[in-house]
Structures are given as C-alpha cells and as structure tokens.
2 protein chains.
Amino acid sequence: MGYNTVQGKRIISFLKGSAGEHLTADEIFRRLADGGTAVGKATVYRWLDKLVMRGMVRQFSGEKNESACYQYTGGLKCDNHYHLKCFVCGRLLHVDCVYLDKVAEHILDIHGFVLNEEKTTLYGICADCKK
Amino acid sequence: MGYNTVQGKRIISFLKGSAGEHLTADEIFRRLADGGTAVGKATVYRWLDKLVMRGMVRQFSGEKNESACYQYTGGLKCDNHYHLKCFVCGRLLHVDCVYLDKVAEHILDIHGFVLNEEKTTLYGICADCKK
DNA sequence: TTGCGTGCAAAGGTTTTGCATGGCA
DNA sequence: TGCCATGCAAAACCTTTGCACGCAA
C-alpha cells in the first residue's frame with residue numbers, strides 16, 4: 001500500500017475536498033503549491049495514476065495538446081453503471097440502464113471483447129446543453 | 001480553395017485510395033515518402049486539418065503520446081463506427097456494427113444524450129488477449 | 001537500516017508554428 | 001508579379017522517466 005507521506009495526504013485531501021469537480025494535473029499542482037508542503041508535478045501525476053488504478057479517481061483524456069482531467073469519485077461501486085461525459089458543461093452523468101447492460105453482452109458475444117464499464121466513458125452532449 | 005499543388009493532389013489521391021482505412025499522420029507521411037514528390041510532415045498535418053474541416057476525413061484522437069488516426073470518408077455520412085481499445089495488447093479495434101448504432105439511438109431517446117462516436121472509446125480486453 | 005517516495009530536470013511522444021523558399025495563378 | 005503553400009527545424013504541449021536524495025517504517 002506504500003508509505004504514508006505528507007504529499008500523498010495533501011493530494012488525497014485536496015481531491016476529496018473537490019469531489020465532483022474536474023481538474024487537470026496542473027491545476028492540482030498549482031493549488032497545492034500554496035500552503036503546506038509543495039508537491040512536485042511528477043508526484044501529482046504519480047498519485048493520479050495510482051488513484052485511477054484504485055478506482056478512486058476517474059480520468060478523462062483531453063484532446064491532443066490539452067490536459068487530461070481528473071475527477072474524484074471515492075471509489076463508489078459503479079456496477080452496471082455507465083458514465084456519460086458532456087463536452088459542453090463537463091458534467092459526468094451516471095446512468096443505470098438495463099439496455100446498456102445488454103450492450104456489454106453484445107460486445108462480448110459478437111466481438112469477443114470484454115468491456116470494462118468502469119474504465120469506459122461515453123462522450124457527447126447532454127440533454128441540458130443540447131438546447 | 002487554395003492553390004492546386006502536387007503535394008495536395010498526392011495526399012488526397014492517397015487517402016482516396018485507402019478509403020475506409022485508419023491511418024496515422026506519420027503513416028501517411030511515410031507512404032508518401034516513396035515515389036513522386038515527397039510531402040513534408042507539416043504539410044500532411046495541414047492537409048489533414050483542412051480535410052477534417054471540410055468533412056472529407058474523420059479524425060479519431062488517440063491517447064496522449066499516441067497518434068490520432070484519420071479515415072477518408074469523402075464527405076459521405078458513414079456508418080457509425082466504434083473503437084475498442086484493449087488494455088493488454090494496446091491494439092485499437094475498429095468496429096462497424098448495426099447493433100452498436102442502435103446504442104447511440106437509445107442513449108439519445110432515453111437519456112437525451114447525443115453520443116459522439118468519434119470521441120468515444122470503449123475499453124476492455126480483446127478476444128485474443130482473453131485466452 | 002532498508003528501500004520506497006519524492007523532486008528536479010531531461011526525455012519522450014505528437015502536433016503546431018516561424019520563417020525563408022519555391023511554385024501556382 | 002503577387003502571394004499562398006511548402007519544408008525544415010524549432011517550439012509547444014502534456015506526460016513519463018532517470019537518478020540522487022530524503023523520509024517512512
């Protein structure tokens with residue numbers, strides 16, 4: 001599980017405090033630069049990777065030459081649960097849907113591909129922003 | 001509309017000849033290096049941008065530090081097309097599938113969300129790596 | 001004491017841009 | 001002739017990595 005470092009505690013604490021927000025690695029880096037022990041940018045990236053692995057944080061890759069952004073979710077079980085990310089407002093929508101469950105089944109049966117719902121995010125424009 | 005240059009003609013001609021294939025900018029660059037007037041990489045990027053704008057080419061952005069890939073469509077509204085990315089071998093599978101087309105429809109009808117297939121990648125484990 | 005975690009800077013990848021040159025009209 | 005398009009190399013961008021040092025256990 002690793003050592004219990006000041007930097008790790010600051011990063012996790014900061015992320016928890018901004019649960020729901022979508023932040024870039026650089027934003028996190030800058031926000032941690034003030035007050036307390038500063039945290040190196042490489043360390044921010046290393047922790048984000050680790051937290052993504054653990055399922056505590058979701059990562060959304062940006063366009064080329066744009067930062068990826070990260071959102072703290074706290075590792076809530078997201079079974080049968082899909083994520084729709086809106087380009088416009090940036091919100092992450094959590095969707096439970098029987099129909100979508102069948103999609104994973106189809107992809108497995110026909111394409112032989114085991115879909116990982118947790119790691120997959122569907123991108124588009126949400127109902128509110130569509131108007 | 002711009003000048004009618006040898007390089008532009010070669011790029012468009014090559015793309016038309018590989019309609020349906022998914023090519024990276026670098027692949028296009030390398031394929032054009034042999035035979036006829038070579039085309040600079042910057043020019044390849046400039047033409048791809050231009051053709052994406054015109055709707056002649058679709059762009060699929062890859063992960064960070066991976067090339068985007070491009071597909072010539074000739075401006076036709078082509079079939080919805082999904083990307084399955086395998087964690088294990090890293091391959092990107094391109095899937096045309098009628099069933100998956102209906103998924104986008106469902107997401108729109110029921111969840112009010114306009115899915116962007118170009119920007120969406122489904123993650124999991126491919127048939128080969130599953131064994 | 002052991003060895004993981006960190007910070008810095010450099011490297012790594014793709015894509016964009018500045019600027020002088022060459023080719024189209 | 002006028003000016004856009006091109007090519008080269010450098011820059012830009014985010015992210016990863018190498019290495020020495022410091023700190024947790």
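Everything numeric in this text was worked out from a predicted model, so none of it was measured. Below, read A as the first sequence line, B as the second, and so on, with proteins coming before strands; counting in each chain starts at 1.
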Provide, to the nearest angstrom, the distance between the CD1 atom belonging to Ile12(B) and the C1' atom belonging to dA5(D).
-> 13 Å
Spatial distance of atom OG1 (Thr37(A)) from atom NZ (Lys9(A)) [nearest 0.5 Å] = 10.0 Å
Whole-Å distance separating the CD atom of Glu66(A) from the P atom of dT15(D) | 10 Å
Nearest whole angstrom, please: distance from the C1' of dG7(D) to the CD1 of Ile11(B).
-> 12 Å
Looking only at dA25(C), dT16(C), dG12(C), the nucleotide nearest the Asn65(B) side chain is dG12(C)
Nearest whole angstrom, please: distance from the P of dA12(D) to the CG of Asp26(A).
-> 16 Å
Closer than 4.0 Å, any side-chain N/O of Thr5(A) to the OP1 or OP2 of dC23(D)?
-> no
Sorted by number, residues from residues 38-46 of chain B placing a heavy atom under 4.0 Å from DNA chain D are Ala38(B), Val39(B), Gly40(B), Ala42(B), Thr43(B), Arg46(B)
Pairwise 5' ranking along DNA chain C for Ser67(B) and Asn4(B), keeping only the more 5' one = Ser67(B)
To the nearest 0.5 Å, how far apart are CG in Asn116(A) and CZ in Phe87(B)?
-> 4.5 Å
Does anything in residues 13-37 of chain A pair up under ring-ring contact (aromatic ring centres under 6.0 Å, His included), and if so which pairs, sequence neighbours excluded?
-> none
For Lys9(A) and dC23(D), what is the distance between atoms NZ and P respectively, to the nearest whole Å?
-> 14 Å
Choosing from dT15(D), dG2(D), dG7(D), which nucleotide comes nearest the side chain of Tyr3(B)?
-> dG2(D)
With respect to the side chain of Asp49(A), which nucleotide from dT16(D), dT15(D), dT15(C) is positioned closest?
-> dT16(D)
Rounded to whole angstrom units, what separation is found between the CZ atom of Phe29(B) and the P atom of dA9(D)?
-> 11 Å
To the nearest Å, how far apart are Leu48(B) CG and dA5(D) P?
-> 16 Å
Honestly, is Lys16(B) close enough over Tyr72(B), meaning NZ or CZ under 6.0 Å from the six-membered ring centre and within 45° of the axis?
-> no
Rounded to whole angstrom units, what separation is found between the CE atom of Met53(B) and the C1' atom of dT16(C)?
-> 13 Å
Should Trp47(B) be listed as having a side-chain N or O under 4.0 Å from OP1 or OP2 of dA5(D)?
-> no
Give the table of side-chain donor-acceptor pairs shorter than 3.5 Å for residues 121-131 of chain A, with sequence neighbours excluded, one pair per line with atom names and distance.
residue, atom, partner, partner atom, Å
Thr121(A), OG1, Arg58(A), NH2, 2.7
Asp128(A), OD2, Arg91(A), NH2, 3.0
Lys130(A), NZ, Gly112(B), O, 3.3

Does Gln7(B) have a side-chain nitrogen or oxygen under 4.0 Å from the phosphate oxygens OP1 or OP2 of dG23(C)?
-> no
What's the spacing between Cys97(A) SG and Leu84(A) CG if we round to 0.5 Å?
-> 9.5 Å
If every non-hydrogen atom of Arg10(B) is compared with every non-hydrogen atom of Leu32(B), which pair is closest and at what distance?
-> NH1-O, 2.9 Å
